[in-house]
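See below for the structure under consideration.
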Amino acid sequence: PMGALQAYSRAHKLEPGGRASRALAYQAYAIGDYAAALGAWRSVGADRLSADELLAAVTTALAAGDHDQAARWLTSYRHADNALDHRYWLLAARAFAPKDTAAAVSALERVIELRPEVDVYRELAYASARVGRPYAALLALERAAALDPDNMNVQTELGYAYWRVG
């Protein structure tokens, strides 16, 4: 992996924003070098990224902690009339979470409409609790428990949610 990363980095320096930049972005992300991956995606430019590449770039920005960049790429994705599927809404929820928890809750509710999953219900519960909706958090955890009644984490969180609402 390091040899590939070095070769992609050299090629990226020779032609920033080209094919090697995409390869560098994926390889750097795979080894956890999110800053290098983010820089590689930025060099390509949103207008030259495919729908899947935009979502990969958003994932990289979130891993790097750059929620503003993630939101910009999500806007580019949406304006390009790409499918607003569960992947889009889940990434949107994660991009909004630090600054706009209510928007994150709305995005998570869209994800659940499209593909209800235990982990998404758990994220919805956390976000609901952050915006002061303990009953909504409890309901989300009850739904998660209905999907996976043997999930120890869900059962524990459900216990805390019951305790919080009294």
Side-chain angles (χ1 to χ4, degrees), residues 17 21-22 24-26 28-148 151 153-154 156-165:
S21 298
R22 289 170 168 85
L24 174 60
Y26 284 116
Y29 182 89
I31 65 164
D33 188 349
Y34 305 127
L38 187 59
W41 284 125
R42 283 183 172 141
S43 76
V44 176
D47 58 322
R48 294 179 35 221
L49 295 173
S50 71
D52 285 337
E53 289 171 336
L54 275 168
L55 294 180
V58 170
T59 301
T60 299
L62 292 173
D66 192 338
H67 291 83
D68 292 334
Q69 180 64 69
R72 286 190 296 276
W73 278 327
L74 284 167
T75 299
S76 295
Y77 181 91
R78 190 176 59 251
H79 288 316
D81 292 326
N82 291 304
L84 302 184
D85 60 8
H86 73 283
R87 294 180 312 158
Y88 168 84
W89 290 110
L90 188 56
L91 290 170
R94 292 174 180 163
F96 298 147
K99 292 184 180 179
D100 189 351
T101 308
V105 167
S106 294
L108 289 166
E109 288 170 344
R110 292 291 305 268
V111 174
I112 288 169
E113 288 173 17
L114 298 168
R115 184 182 288 179
E117 295 177 351
V118 170
D119 289 339
V120 179
Y121 276 117
R122 289 176 66 201
E123 282 189 57
L124 178 59
Y126 300 143
S128 296
R130 282 194 308 273
V131 295
R133 297 175 51 203
Y135 289 99
L138 175 62
L139 180 61
L141 290 168
E142 286 176 337
R143 290 184 175 158
L147 288 176
D148 187 359
N151 185 314
N153 291 321
V154 171
T156 302
E157 292 162 4
L158 188 57
Y160 288 130
Y162 281 123
W163 181 78
R164 277 188 220 102
V165 299

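We number each residue from 1, following the sequence as shown.
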For this session: Decide yes or no on side-chain contact (heavy atoms from CB on, under 4.5 Å) for Leu90 and Glu123, but give the supporting numbers first.
Result: CA-CA 10 Å; Leu90 188 56; Glu123 282 189 57; 3.9 Å; yes
Exercise. Under 3.5 Å, is there a donor-acceptor pair linking the side chains of Tyr162 and Glu142?
Worked result: yes
For this session: Provide the closest heavy-atom pair for Ser43 versus Ser21 in the form atom of the first, atom of the second, distance.
Result: OG-OG, 3.4 Å
Problem set entry | NZ/NE/NH1/NH2 to OD/OE distance under 4.0 Å, Asp85 and Arg115 | no
For this session: Could you check if a side-chain atom of Tyr121 sits within less than 4.5 angstrom of a side-chain atom of Leu147, using non-hydrogen atoms only?
Result: yes
For this session: Would you mind reporting whether Glu117 and Ile112 have side-chain heavy atoms less than 4.5 Å apart?
Result: no
Seminar exercise, completed: Smallest heavy-atom separation, Ala28 atom then Ala37 atom, equals CB-N, 3.6 Å
Seminar exercise, completed: For Val58 and Ala70 the tightest heavy-atom approach is CG2-O, 3.8 Å
Problem set entry | Minimum heavy-atom distance between Ser128 and Ala137, given as atom pair plus value | CB-N, 3.7 Å
Seminar exercise, completed: Only residue of Val120, Leu91, Leu124, Asp119 satisfying side-chain contact (heavy atoms from CB on, under 4.5 Å) with Val111 is Val120
For this session: State, with a plain yes or no, whether a side-chain heavy atom of Asp68 is found less than 4.5 Å away from one of Asp66.
Result: yes
Exercise. Strictly by modelled atom types, are Tyr88 and Arg78 linked by a side-chain donor-acceptor pair under 3.5 Å?
Worked result: yes
Exercise. Are Trp41 and Tyr34 an aromatic pair by the rule of ring centers under 6.0 Å?
Worked result: no
Exercise. Run the side-chain contact (heavy atoms from CB on, under 4.5 Å) check on Tyr77 and Leu55 step by step: do they pass?
Worked result: CA-CA 8 Å; Tyr77 181 91; Leu55 294 180; 3.7 Å; yes
Exercise. What closest approach, in Å, do Phe96 and Ala103 show between heavy atoms, and which atom pair accounts for it?
Worked result: CD1-CB, 3.7 Å
For this session: With rounding to the nearest 0.5 Å, note down the distance linking CZ in Arg94 to OG1 in Thr59.
Result: 8.5 Å
Exercise. Side chains of Arg87 and Asp52: does their closest heavy-atom pair fall under 4.5 Å?
Worked result: yes
For this session: Determine, stepwise, if the pair Arg122 / Asn153 fulfils side-chain contact (heavy atoms from CB on, under 4.5 Å).
Result: CA-CA 9 Å; Arg122 289 176 66 201; Asn153 291 321; 3.9 Å; yes
Exercise. Okay, side chain of Asn82, backbone of Ala51: is any donor-acceptor separation there less than 3.5 Å?
Worked result: no
Problem set entry | Polar side-chain atom of Arg42 near backbone of Leu38 as donor-acceptor pair, under 3.5 Å | no
Problem set entry | Distance (rounded to the nearest 0.5 Å) between Leu158 CG and Arg143 CZ | 13.0 Å
For this session: Apply side-chain contact (heavy atoms from CB on, under 4.5 Å) to the pair Trp73 and Gln69, showing each step before the final yes or no.
Result: CA-CA 6 Å; Trp73 278 327; Gln69 180 64 69; 3.2 Å; yes
Exercise. If you take all heavy atoms of Ala145 and Val154, which pair is closest and at what distance?
Worked result: N-CG1, 3.6 Å
For this session: Rounded to the nearest 0.5 Å, what's the gap from CG on Asp47 to OG on Ser76? Could you check?
Result: 8.0 Å
Exercise. Do the charged groups of Arg48 and Glu53 touch, with an N to O distance under 4.0 Å?
Worked result: no
Exercise. Among side-chain atoms of Tyr126 and Glu157, is any donor-acceptor pair under 3.5 angstrom?
Worked result: yes
Problem set entry | Asp100 side, atom CG; His67 side, atom NE2 - distance, nearest 0.5 Å | 12.5 Å
Problem set entry | Glu113 side, atom CD; Leu108 side, atom CG - distance, nearest 0.5 Å | 11.5 Å
